[in-house]
Amino acid sequence: MATYTLSEAKAAALWEHLLARQGLADHTRLETVAQISDAALGLHAARLPSPYGIIASRSTGAAVPTSLFTAPVQDTLLTVRCMRKTLHALPLGLAAIAHAATLRFRDRDARRAIVKAGLSEQTIAGAVDRLLALLADGPLGHRAIEQRLAQDGVGVPTGRLAIKRAWEGGQIVYRNATRVWNREKRTFAVASSIPGLNLGLDRDAAITALVTAYLDRYGPATVRDATWWSGLSATDILTGLAASGRELVRIRTPWAQADCLMFADRFEEFQASTPTATGVNLLAHEDTALKSYFQTRGRYLGDLPPRRAFNQIGEALPGIMINGRIVGTWEWNPTCRSVEVSLVRGRVSPADRKTIARRAEALTGTLRQGWASGTAQVSDVSVGQLAVTNSGG
């Protein structure tokens with residue numbers, strides 16, 4: 001395996017090249033949700049604003065994120081609990097891969113929840129059968145499901161465990177049928193109702209496909225980065241990469257003492273490219289560009305402490321990035337319905353401050369288009385034993 005040692009400047013250029021490929025540069029913005037969700041390897045969805053914000057940061061205009069709420073676009077994405085047991089909205093093919101690759105530990109959790117509740121597998125299997133019959137006529141909201149199951153003699157706790165078991169097992173799918181980014185409309189449907197969806201992929205093949213997709217989009221990355229992002233073991237990562245059939249190179253960077261891995265063809269692509277500046281980007285809460293790394297977060301933090309970009313439970317804050325480095329954060333003020341920025345002192349030039357102000361104003365307009373006034377539903381969509389999300393870290 002060839003080894004390349006990169007200077008600080010060369011490593012920074014490679015990081016910006018990677019960001020530009022994802023649409024995070026003015027000249028590489030993407031035109032559709034499908035393009036963005038594929039380039040980003042899904043939209044982090046453990047918090048309600050995340051998918052809309054990820055699309056807004058990478059798109060050519062406000063019409064792209066608002067299209068997320070249209071049926072044709074929603075039919076091309078599936079929200080699954082996968083990497084680190086966290087919700088991600090992915091194109092159908094990638095969703096099936098992520099589901100199968102990460103199913104084992106989610107199925108284990110579902111079984112443990114059944115045992116903890118003092119219920120038998122037979123009882124839950126019977127409730128799942130009733131659930132599938134109930135959904136045969138079309139999707140239903142979770143509360144309607146609970147009520148209908150209760151009428152059929154299935155108690156709410158049992159019904160919730162049946163939903164969890166059927167969802168983790170790939171028999172039903174979760175769909176957020178909302179039309180705004182700050183509210184959730186949780187529904188479930190029979191998985192077989194989605195044309196072309198196959199959630200029964202072989203685990204080893206799915207792991208290979210998932211690990212390959214990750215390194216293709218986010219390499220160079222360390223094995224620790226990949227295990228943290230995916231929740232898979234180091235053995236799974238290395239076995240998957242070996243099975244990918246693609247040549248790897250070792251990349252030594254200033255970001256970490258550990259070596260990074262990258263596909264050779266992607267590194268050759270970078271070497272042949274013209275250096276690019278990605279400029280100002282306002283990233284979403286839990287943005288995939290930040291959440292895809294752990295050991296090599298120095299690529300965007302530099303000498304900043306992690307708490308400037310992450311909260312106390314490890315969630316990535318909505319970040320402001322200039323040429324690949326975090327220089328501040330932003331937040332949505334629901335009272336004023338506007339974006340408010342907080343910049344790291346001494347890190348932003350007057351010219352960049354003006355650009356950030358313009359970008360914040362534009363993002364304000366985009367967020368207003370997909371916002372519903374009034375009390376927003378809390379973004380943690382866990383309900384009792386259903387445990388749809390695990391958003392920490």
Side-chain angles (χ1 to χ4, degrees), residues 1-4 18 21-22 34-45 76-110 167-171 173 191 194 196-251 258-270 288-289 291-296 390:
M1 184 187 303
T3 300
Y4 300 88
L18 176 62
R21 279 177 40 210
Q22 296 178 29
Q35 291 173 338
I36 294 168
S37 58
D38 182 78
L41 190 45
L43 312 172
H44 205 286
T76 67
L77 296 176
L78 184 65
T79 301
V80 294
R81 198 161 70 94
C82 46
M83 283 73 78
R84 300 179 71 245
K85 297 185 282 189
T86 302
L87 288 181
H88 287 72
L90 300 116
L92 297 183
L94 286 173
I97 289 167
H99 168 84
T102 61
L103 173 60
R104 180 174 294 177
F105 42 78
R106 298 195 325 278
D107 181 66
R108 177 196 60 205
D109 290 348
W167 182 44
E168 300 291 21
Q171 294 168 285
V173 294
I194 301 178
L197 179 65
N198 176 15
L199 294 178
L201 301 178
D202 172 75
R203 180 176 185 268
D204 290 341
I207 287 175
T208 297
L210 183 64
V211 172
T212 301
Y214 169 77
L215 200 69
D216 181 73
R217 290 158 178 79
Y218 290 103
T222 64
V223 172
R224 178 70 179 112
D225 285 329
T227 59
W228 187 89
W229 171 80
S230 65
L232 299 172
S233 69
T235 298
D236 286 334
I237 299 300
L238 293 172
T239 301
L241 291 176
S244 72
R246 291 175 65 176
E247 181 184 356
L248 290 164
V249 293
R250 185 180 293 112
I251 306 292
D259 291 343
C260 295
L261 296 175
M262 189 174 186
F263 287 125
D265 57 342
R266 286 299 193 187
F267 188 64
E268 291 168 3
E269 175 188 285
F270 161 67
T288 50
K291 293 291 287 189
S292 293
Y293 306 101
F294 180 80
Q295 192 172 21
T296 61
N390 177 1

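- In this structure a side-chain-to-backbone donor-acceptor pair under 3.5 Å is missing from His44 to Gly42.
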Side chain to side chain contact (heavy atoms under 4.5 Å, CB included) between Phe263 and Leu241, intermediate numbers included: CA-CA 9 Å; Phe263 287 125; Leu241 291 176; 4.1 Å; yes
Residue pair Val211, Leu238: steps toward the side chain to side chain contact (heavy atoms under 4.5 Å, CB included) verdict: CA-CA 9 Å; Val211 172; Leu238 293 172; over 6 Å; no
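- With values rounded to the nearest 0.5 angstrom, Gln22 atom CD is found 13.5 Å from Gln35 atom CD.
- In terms of heavy-atom proximity, Gly240 sits nearest to Thr208 at O-CG2, 3.5 Å.
- Minimum interatomic distance between Ala40 and Thr288 (heavy atoms only, all atoms of both residues): CB-OG1, 3.7 Å.
- Heavy atoms only, all atoms of each residue included: Ala264 and Val249 are closest at CB-CG1, 3.8 Å.
- Between Leu78 and Leu197, the closest side-chain pair of non-hydrogen atoms falls below 4.5 Å.
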Full working for side chain to side chain contact (heavy atoms under 4.5 Å, CB included) between Asp259 and Ile251: CA-CA 6 Å; Asp259 291 343; Ile251 306 292; over 6 Å; no
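- Shortest non-hydrogen contact noted between Met262 and Gly219 is CE-O, 3.7 Å.
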Leu248 vs Leu215, side chain to side chain contact (heavy atoms under 4.5 Å, CB included): CA-CA, chis, key distance, verdict: CA-CA 10 Å; Leu248 290 164; Leu215 200 69; 3.5 Å; yes
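- For the side-chain hydrogen bond (donor to acceptor under 3.5 Å, both in side chains) test, no residue two or more places apart in sequence or in another chain qualifies with Thr235.
- Between the CG atom of Leu261 and the CE atom of Met1 there is a distance of 5.5 Å, given to the nearest 0.5 Å.
- Tyr214 is listed as a side-chain neighbour of Ser292, based on a closest heavy-atom distance under 4.5 Å.
- Looking at Thr239 and Asp204, their side chains never come closer than 4.5 Å, going by heavy atoms from C-beta outward.
- In this view, Gln295 and Thr222 satisfy the side-chain hydrogen bond (donor to acceptor under 3.5 Å, both in side chains) rule, not counting sequence neighbours.
- Screening residues 208-222 for salt bridge (Lys or Arg N to Asp or Glu O under 4.0 Å) gives Asp38-Arg217, Asp216-Arg246, Asp216-Arg266 as the qualifying pairs, with residues at least two apart or on separate chains.
- Side-chain contact between Leu92 and Ile194 is present, with heavy atoms from C-beta onward closer than 4.5 Å.
- Here salt bridge (Lys or Arg N to Asp or Glu O under 4.0 Å) pairs that include residues 234-245, with residues two or more places apart or in two chains, are Arg203-Asp236.
- A pairwise comparison of heavy atoms in Pro91 and Leu77 identifies N-CD2, 3.7 Å as the closest pair.
- Considering only residues two or more places apart in sequence or on other chains, Arg108 meets the salt bridge (charged side-chain N to carboxylate O under 4.0 Å, His left out) condition with none of them.
- Heavy-atom minimum distance, Phe105 versus Gly231: CE2-O, 3.7 Å.
- Applying the side-chain hydrogen bond (donor to acceptor under 3.5 Å, both in side chains) rule to Asp202 yields no partners; only residues at least two apart in sequence or on another chain are considered.
- Taking the side chain to side chain contact (heavy atoms under 4.5 Å, CB included) definition, one finds that Thr227 meets it with Val223, Arg224, Ala234, Ile237, sequence neighbours left out.
- For the atom pair NZ of Lys85 and CG of Asp109, the computed distance is 3.5 Å after rounding to the nearest 0.5 Å.
- Taking the side chain as every heavy atom from C-beta outward, Tyr218 and Tyr293 approach each other to under 4.5 Å.
- For Ala98, the side chain to side chain contact (heavy atoms under 4.5 Å, CB included) partners two or more places apart in sequence, or in a different chain, are Cys82, Met83, Leu90, Leu210.
- With values rounded to the nearest 0.5 angstrom, Leu18 atom CG is found 10.0 Å from Glu269 atom CD.
- Applying the side chain to side chain contact (heavy atoms under 4.5 Å, CB included) criterion to Ala89, with sequence neighbours excluded, gives Leu43, Thr79.
- Remark: Thr296 pairs with Asp225, Arg299 by the side-chain hydrogen bond (donor to acceptor under 3.5 Å, both in side chains) rule, at least two apart or across chains.
- Annotation: ring-ring contact (aromatic ring centres under 6.0 Å, His included) contacts of Tyr4 (sequence neighbours excluded): Phe267.
- Screening residues 90-107 for side chain to side chain donor-acceptor pair (under 3.5 Å), with sequence neighbours left out, gives His99-Arg106, Thr102-Arg106, Arg106-Glu168, Asp107-Arg111.
- The side-chain tip of Arg84 points at the ring of Trp228 from less than 6.0 angstrom away and within 45° of straight on.
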